[in-house]
Asks: 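This is the structure, below, for whatever I ask next.
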Amino acid sequence: MITLLKKEKAVDVLLNQEIVAFFQEKKSEIGPRALGNRSILFDPRNKNGKEIVNKIKKRENYRPFAGSILAEHTNTWFEMGNIKESPYMLYSVPVKENKKNKIPSIVHVDGTCRVQTVTKEQNNQFYNLIQCFYKKTNIPILLNTSFNMAGEPLVNTMEDAINTIKKTNIKYFYVSRKQL
């Protein structure tokens with residue numbers, strides 16, 4: 001059974017260590033990235049998060065995940081060097097040493113994380129979801145991965161989303177209000 005969620009309830013589900021599938025019609029995702037339009041989301045604080053999400057996606061356990069962060073907090077969590085922003089997850093950067101234990105499910109074995117910076121202007125709904133999570137946890141980041149199963153194309157339509165959810169143990173679905 002799939003449960004449709006509103007923003008606040010989606011965050012509560014994440015806090016209960018459950019996966020949330022997120023879908024909004026805004027833009028299609030392309031390439032090996034989930035940019036917050038069609039994503040599988042999880043709490044980055046869970047030390048077993050990588051294994052939990054990889055099991056759902058039916059992919060190898062060593063495969064890492066990205067962190068989507070409120071852009072204004074990026075330099076507090078990551079060593080960005082000369083990189084000002086990373087809205088398309090193009091960079092893996094070192095996680096600050098004092099933050100690694102706070103977000104273990106998105107820290108790669110080499111101490112880096114593929115980072116997506118998120119602003120209201122880029123993706124207001126995704127930004128607001130991360131902001132709501134931040135208000136409850138003091139962590140301005142969500143584990144974010146592409147909304148698909150291993151070996152399958154990325155979800156593009158609402159029908160794709162429903163079919164993918166049915167093939168997994170994902171129980172919770174957060175859909176942009178415009179699609180409801």
Asks: Using the side chain to side chain contact (heavy atoms under 4.5 Å, CB included) rule, pick out the option among Asn124, Leu41, Val118 that qualifies with Leu129.
Replies: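 Only one option passes, and that is Leu41.
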Asks: With Gln116 as reference, evaluate Thr74, Asn123, Asn144 under the side-chain hydrogen bond (donor to acceptor under 3.5 Å, both in side chains) test and give the passing residue.
Replies: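 Answer after filtering Thr74, Asn123, Asn144: Asn144.
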Asks: Can Asn54 and Arg59 be said to form a side-chain hydrogen bond (donor to acceptor under 3.5 Å, both in side chains), step by step?
Replies: CA-CA 5 Å; Asn54 274 326; Arg59 64 183 209 168; 2.3 Å; yes
Asks: Classify the ring geometry between Phe173 and Phe147 as parallel (under 30°), tilted (30 to 60°) or perpendicular (over 60°).
Replies: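 Perpendicular.
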Asks: Give me the atom names and distance for the closest heavy-atom approach of Val11 to Lys136.
Replies: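 Minimum heavy-atom contact is CG1-CD, 3.7 Å.
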Asks: Do Pro140 and Trp77 make a side-chain contact, defined as non-hydrogen atoms from C-beta onward lying under 4.5 Å apart?
Replies: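 The answer is yes; the side chains approach within 4.5 Å.
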Asks: Would you compute the distance between atom CD1 of Ile139 and atom OH of Tyr134 and round it to the nearest 0.5 angstrom?
Replies: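 Answer rounded to 0.5 Å: 9.0 Å.
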Asks: List the steps, then state whether side-chain hydrogen bond (donor to acceptor under 3.5 Å, both in side chains) holds for Tyr91 with Glu85.
Replies: CA-CA 9 Å; Tyr91 306 104; Glu85 61 179 18; over 6 Å; no
Asks: Are Met158 and Ile170 co-members of a hydrophobic cluster defined by side-chain heavy atoms under 4.5 Å apart?
Replies: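 In one cluster with Ile170: Met158, yes.
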Asks: Starting from the C-alpha separation in whole Å, work towards a yes-or-no answer on side-chain hydrogen bond (donor to acceptor under 3.5 Å, both in side chains) for Gln17 and Asp43.
Replies: CA-CA 6 Å; Gln17 305 308 296; Asp43 186 339; 2.9 Å; yes
Asks: Give the intermediate values and the outcome of side-chain hydrogen bond (donor to acceptor under 3.5 Å, both in side chains) for residues Lys57 and Ser146.
Replies: CA-CA 9 Å; Lys57 288 188 61 128; Ser146 57; 3.0 Å; yes
Asks: Any heavy-atom pair between the side chains of Arg114 and Pro64 that's under 4.5 Å?
Replies: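 A side-chain contact is absent here, since even the closest heavy-atom pair is not under 4.5 Å.
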Asks: Do Phe133 and Pro44 have side-chain heavy atoms sitting under 4.5 Å apart?
Replies: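 They are in contact (side-chain heavy atoms under 4.5 Å apart), so the answer is yes.
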Asks: NZ/Lys9 to SG/Cys132 distance, rounded to the nearest 0.5 angstrom?
Replies: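 Reported value, rounded in 0.5 Å steps: 12.0 Å.
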Asks: Let me check something: do Phe22 and Met149 share a hydrophobic cluster, defined by ILVMFWY side-chain heavy atoms less than 4.5 Å apart, either directly or through other members?
Replies: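 Each belongs to a different hydrophobic cluster.
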Asks: Can you measure from OG1 (Thr164) to CZ (Arg38) and round to the nearest 0.5 angstrom?
Replies: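 Atom-to-atom, Thr164:OG1 and Arg38:CZ are 11.5 Å apart.
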Asks: Can you tell me how far apart NZ (Lys50) and OG1 (Thr145) are? Round to the nearest 0.5 Å.
Replies: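 Interatomic distance, Lys50 NZ to Thr145 OG1, rounded to 0.5 Å: 12.0 Å.
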